[in-house]
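Single-structure report; data block below.
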Amino acid sequence: MLSRCTAIIVLAASMVAFAGGDFFSATVHMEGLVWVESEMARAVRNHVRLGGLVPPELHRLAEGAAWLSDPTRVNPNSLVHNPIGAYLLIKRLNQEWANAIKTLPQPQEVFGEMYEELQLPSLADLEGCALALMRLQDVYNLDMRRVIDGEIVMKCRPNDTDACHDVNVSELKNRTLPLRLSILDVFYFGIVAQSHNDFYHAALWLNETLAIMNANECELCPDRREVLDRLADTYSKLRNHRGALQLFSESYKIDPTNPHTQTRIRDEEYYANLQGSYVWQLQRSDDWEGRDKYEELCRVGVLQNRAPRASVSCRYFRPSPYFYLQPIKMEVLHETNPVIHLFHDIVSESEAARMREMAVPKFHRSVVVGDDGGDAIILNRVSETAWHFDYDDPVVARLSRRVDYATGLSTAEGTAEAFQVVNYGLGGQYIPHTDYFEGDHVTHHVQNGNRVVTFLLYLSDVDAGGATVFPIVDVVVPVVRNSAAVFWSMEKSGAVVPNSLHAGCPVLIGSKWIANKWIREHGNEFRRPCGLTPDE
């Protein structure tokens, strides 16, 4: 058991680690929240055991979290490695724990010095979790009813390849947890989607809310008129004016005195008559080209995390004398345009652990290159980033040299970038992109030449999801612990390789850690000289 002093130090470290960011944007921060809830529950139980009094709600929360301290139960971190569990934890801390603590006249008497460092998730974290679950619902075509029941069940789409089949992802590692969403959670998801003008998901979740209310009598049901009005307004935005008219009419029966509802009924009648015999269907809008292919490969990637993969070949590889006694175990995933290899066991457990450990205090929200060439935070890149330079630690310098020996390219300062260490958050994905720079971005980012090769280290494994996919060439690179995905973005001639377009799939279950090393053109002209033909 941690001493009180040690507990305060660890709690303070976890708070510093996420300062300036969000809890949901990195799994490691949510793992810290599991520990925080466990320590708060322990403090409450100790206070009661010593004769202290606490409100019944606080006592209930403390008893409900007792399993987090039981080593014979499931690993507590598996709670936040499951997206439903992560959402429920964030909600519990943001609402139930926070409200219960407010009822204490002297919280310090219960929590001691821990209270001064205590920082609980915000509403932005809760909203981020809801949006993440909807993103996972899209990419992996999750069965919404099963999600509400606490299960992650992926369903293949009609146009998916034969490599895809329906699977209950919750059972992949026998980590099923007693998780279930309430009708208020379902309604909340609809509200969040509506507030972000995501009317497709708003329609799905508000419809489900109404269906549950129609099928059951629940004590904690949301206000029926509010559900009807929100769904009607969503339908109107989606141009389903007949559906909106029907819902507003039902809402009017509940409250005939509401002038707003009367106005909306007249409006929807007018637009419904204009539509004539138009047949409406709920359809998701494709935000970007190639989305369907990307999502299909992500679904195939879920299965490839647990089944043999079809590779071009596997062989031992000795690119330099460094690897003569212990050659690289190389899996060839694509032979040309682009070359894609998977180097197995290229990093040790202790090295991976050191890279993760050093990253946490440095973490900040991940950014992408914006339209103006500067840094930009986007909604669907949910992760946190740290940069490790060779002078930071001997392990970093050793791994940089290993990348040099494995690729034959210099990784000295000025010829390669520092290691970019990333821990993905809930529903974190990175939509299709290339690692080389082009267009207006060249001016800002190619002082040392363009990016030639990407050396992507997997510092952890995951239970499901998280693959790196190449939509143009139909390649899925699964997350394999302590391996490296290596792919080339430029030919020897200096021509870029558009087929290196790739994307990061969101993690369904688990915590994904990676470390990227990008090697540049300048300083490598003689290590990778031009070939005899322009095509090389």
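Only a predicted model underlies this, so the values are computations on that prediction, with no experimental measurement involved. Only heavy atoms go into these numbers, but all of them, side chains included; no hydrogens, no water, no symmetry mates.
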In the structure I gave you, are the side-chain heavy atoms of [X] and [Y] within less than 4.5 Å of one another anywhere?
X	Y	value
V147	Q137	no
N168	R146	yes
L508	D463	no
W280	L238	yes
Y87	L181	yes
R225	N258	yes
S511	N423	yes
V382	R365	yes

What is the distance from atom [atom1] of [X] to atom [atom2] of [Y], rounded to the nearest 0.5 Å?
X	Y	atom1	atom2	result
H29	E31	NE2	CD	10.5 Å
R92	L120	CZ	CG	12.0 Å
K362	T385	NZ	OG1	12.0 Å
L142	I148	CG	CD1	12.0 Å
M40	W35	CE	CH2	10.5 Å
L136	C298	CG	SG	10.5 Å

Heavy atoms only: give me the nearest [X]-[Y] pair and the separation to one decimal.
X	Y	value
S500	P338	CA-CG, 3.9 Å
V473	N337	CG1-O, 4.0 Å
N499	F470	O-CD2, 4.3 Å
L426	A132	O-CB, 3.1 Å
I509	P83	CG1-CD, 4.5 Å
T209	P222	CG2-CG, 4.0 Å

Residue pairs passing the salt bridge (Lys or Arg N to Asp or Glu O under 4.0 Å) test with at least one member in residues 503-516, sequence neighbours excluded, are none

Do D138 and R291 sit within salt-bridge range, that is, some charged N less than 4.0 Å from a carboxylate O? yes

Within 6.0 angstrom of [X] [atom1], more than 12 heavy atoms from elsewhere:
X	atom1	value
Y270	OH	no
Y271	OH	no
R60	CZ	yes
Q246	CD	no

As a quick check of understanding, evaluate salt bridge (charged side-chain N to carboxylate O under 4.0 Å, His left out) for K237 and D233, giving each step before the final call. CA-CA 6 Å; K237 296 290 196 307; D233 186 64; 3.2 Å; yes

Counting N and O atoms only, with roles assigned by atom type, does the side chain of [X] sit under 3.5 Å from a partner on the main chain of [Y], one being a donor and the other an acceptor?
X	Y	result
E250	L228	no
D125	S122	yes
D22	S25	no
S251	L247	no
N450	F437	yes
D149	E151	no
K517	E417	yes
R135	G427	yes
H388	A386	no
D166	C156	yes

With T468 as partner, the option from L342, I340, V479, V477 fulfilling side chain to side chain contact (heavy atoms under 4.5 Å, CB included) is V477

Which is it for L245 and S249 under the side-chain contact (heavy atoms from CB on, under 4.5 Å) test, yes or no, and what are the steps along the way? CA-CA 6 Å; L245 174 60; S249 298; 3.9 Å; yes

Dump the intermediate steps for side-chain contact (heavy atoms from CB on, under 4.5 Å) on H241 and L274, then the final yes or no. CA-CA 10 Å; H241 297 294; L274 287 180; over 6 Å; no

side-chain contact (heavy atoms from CB on, under 4.5 Å) evaluation trace for L204 with L282: CA-CA 9 Å; L204 288 176; L282 179 61; 3.7 Å; yes

Show your reasoning for whether side-chain contact (heavy atoms from CB on, under 4.5 Å) applies to D255 and T261. CA-CA 9 Å; D255 182 10; T261 306; over 6 Å; no

Going by the ring-ring contact (aromatic ring centres under 6.0 Å, His included) test, name the single residue among F187, F199, Y188, F189 that passes it with W205. F189

Side chains of [X] and [Y]: donor-acceptor distance under 3.5 Å anywhere?
X	Y	value
S460	Y424	no
D435	T454	yes
S182	D185	yes

Please report whether the ring centroid of F363 lies less than 6.0 Å from that of W513. yes

Given R284, R157, R299, the one that forms salt bridge (Lys or Arg N to Asp or Glu O under 4.0 Å) with D292: R284

Can you label the angle between the W387 ring and the W518 ring as parallel, tilted or perpendicular, going by 30° and 60°? tilted

